[in-house]
Amino acid sequence: MKQRNPFFFRTFSHKTRKTWLFLLLLILLMIVLISPGMENRSQVSLIEHPVVFVTTLFQEGTAAVTGGISGIWRGYVDLLSVREENERLQTEVARLREEQSLLQEEVLAAGRMRELLEIGRNFPEKAAAAQVIGRDPTNWYRTMVLDKGEEDGIALHGAVVSSRGVVGRVIKVYPHSSRVLLISDRSSSLAGMIQRNRVSGILQGEGGGHLSLEYVPLDESVILGDLVLTSGLEGIFPKGIPVGRVTRVDRKTSPLFLSIQVSPAVDPSKVEEVWVMKGKGP
Amino acid sequence: VRGLVWGLAIFLMVAFQGAEVNFLEIGGIRPDLVLIAVYGIGLFQGEFAGGLAGLGLGWVIDLFSVGKFYQNMITKGLIGVFAGYLGNWLRHAGLFLHLWILLSLSLLQGTLIAVVLSLIYDSSILSDLWRIVLPQAIYDAVLGSLVLSLISSFHEKRRKTQWVTGGAS
């Protein structure tokens, strides 16, 4: 009688059959192990614990390593972009600062020009607005150089004023520049008067940044802070331009006249633009 | 070329001395760069060059200023000649010696100008001495001695290098 040989036993060899059987057993075991979890996903099977524990450890380790590496990489990439951003922002800040400084300078210059134009309206005989380009090379004299000269209509003895008051007078004229003797120079003198009581005198430069108001009789009233104006008597400066304020009055120096010190209204070291009148002096 | 460079440097120095903004100015006092230059030229180039430089540079400064007499031309010329004589012994002098000499020369020059101005304008010599002469002399001495010591040491180094190179060859 011929033995019945099912398909499984016919098709596979003995060794292969054993392997397949083992695999089948494993699948069965897996189904058994998984089955409790199928009913309730919250329950954890006994074998799940160690497997999950080991897996978790491995996962944690891997996560730590990969996380660290990706963190470092991300940090590096971020740092690169931050650095680029920082450089860009710094350039931007520098540009904006420069722009702001230029604008500020423009605003200040415009303000000064406005003041200058304002004061220029009062002097119909003005010749030109000029810019200060130089100072006296020695410490002994008080002069400044202007960027306008004969070709711009500037003449000898032209009065020079700024928005704050009298600056000086032209003493040398070149074709494209001119030299101005400041009122505080020791060789400078002009006619002045005290605004409050119209007392007149001669304003003489002292060379050290101050002036003295000479030939004011002892019995005249002069007090500290009195505003001194030009009186126009010398024929160079128009009448009524501020010269400075009285900073010291001494009645004991001379038997006839007061000794009066005047601080100029204009600080020549801060003057940048001036008006120059037509020269008409001696 | 060397002469041209020196000429340009001196021209720039004179222009800088009368510039509107002089960053060396302290409390309204500008150092007398021409005095320092003339002293240096006299010291290193002899009395003739010193005197000539003093007269020339002083004259240029007087042109840019309003002095009624050629104060800078006269005083700087004399300083140049004097520095030239000193140069025979003091070419490689140290900082302190330059300091004292420059201080004395600047004081002498300032006092002379103050006396003349007091005669012309009836101004106070004491006030000028205290306000201009003394601070300027100190400033000239400090700045000048520093500059000249640097130049001296540079010259000395170059001289030694040339001597060593010459010996080797």
Side-chain angles (χ1 to χ4, degrees), chain A residues 105 130-147 156-157 160 167-174 177-189 202 204-212 214-215 248 253-254 259 261 263-264 267-274, chain B residues 13-22 24-35 57-73 75-76 106 109-110 112-114 116-118 120-137 139-140:
Chain A
E105 195 58 31
Q131 202 155 11
V132 180
I133 53 168
R135 310 271 172 191
D136 199 282
T138 71
N139 295 315
W140 294 97
Y141 304 101
R142 304 211 160 238
T143 64
M144 56 169 59
V145 184
L146 303 181
D147 68 341
L156 202 61
H157 302 302
V160 179
V167 175
R169 66 186 165 92
V170 177
I171 53 161
K172 267 184 188 174
V173 188
Y174 307 101
S177 65
S178 49
R179 186 165 287 277
V180 176
L181 184 75
L182 302 180
I183 53 168
S184 54
D185 187 90
R186 67 184 87 211
S187 63
S188 162
S189 58
I202 301 292
Q204 179 75 47
E206 289 185 342
H210 286 98
L211 300 107
S212 57
E214 311 271 348
Y215 309 115
R248 186 167 55 80
T253 315
S254 159
S259 170
Q261 190 185 58
S263 184
D267 180 354
S269 63
K270 289 176 184 158
V271 176
E272 288 176 63
E273 296 95 9
V274 290
Chain B
M13 187 186 62
V14 172
F16 179 68
Q17 182 84 37
E20 202 226 336
V21 180
N22 185 331
L24 289 174
E25 187 175 309
I26 300 175
I29 296 289
R30 294 177 174 209
D32 194 342
L33 297 177
V34 172
L35 181 139
L57 287 173
W59 178 70
V60 175
I61 289 290
D62 282 328
L63 282 186
F64 281 92
S65 188
V66 289
K68 284 190 170 61
F69 65 107
Y70 287 99
Q71 60 189 50
N72 281 291
M73 195 174 89
T75 53
K76 301 292 193 294
S106 186
Q109 175 194 248
L112 189 73
I113 295 171
V116 175
L117 288 180
S118 75
I120 297 173
Y121 299 112
D122 195 27
S123 52
S124 159
I125 296 180
L126 275 178
S127 162
D128 280 346
L129 284 175
W130 182 248
R131 201 169 43 80
I132 302 173
V133 178
L134 193 63
Q136 173 157 9
Y139 200 176
D140 291 346

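Just so it is clear, the values below take in all heavy atoms, side chains as well, and ignore hydrogens, waters and symmetry mates. Letters A, B, ... are given to chains in the order of the sequence lines, protein chains preceding strands, and every chain is numbered from 1.
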How long is the gap from OH on Tyr141(A) to CG on Leu117(B), to the nearest 0.5 Å?
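Rounded to the nearest 0.5 Å, the OH-CG separation comes to 4.5 Å.
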Residue Glu206(A) versus chain B: region with a heavy atom under 4.5 Å:
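Looking at Glu206(A), just its backbone touches chain B.
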Checking [X] against chain A: side chain, backbone, both or neither under 4.5 Å from a heavy atom?
{"X": "Arg131(B)", "result": "side chain"}
{"X": "Asn72(B)", "result": "side chain"}
{"X": "Leu35(B)", "result": "neither"}
{"X": "Ile132(B)", "result": "side chain"}

Looking only at non-hydrogen atoms, find the nearest pair between Trp140(A) and Val133(B) and report the distance.
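Where Trp140(A) meets Val133(B) most closely, the heavy atoms are CH2-CG2, 3.5 Å.
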Taking everything shown except Tyr174(A) itself, do over 12 heavy atoms lie less than 6.0 Å from its OH?
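Counting neighbours around OH of Tyr174(A), more than 12 heavy atoms of other residues, nucleotides or ligands fall under 6.0 Å, so yes.
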For the pair Asn139(A) (side chain) and Arg30(B) (backbone), establish whether a donor and an acceptor sit closer than 3.5 Å, ignoring hydrogens and angles.
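Yes; at least one donor-acceptor contact below 3.5 Å.
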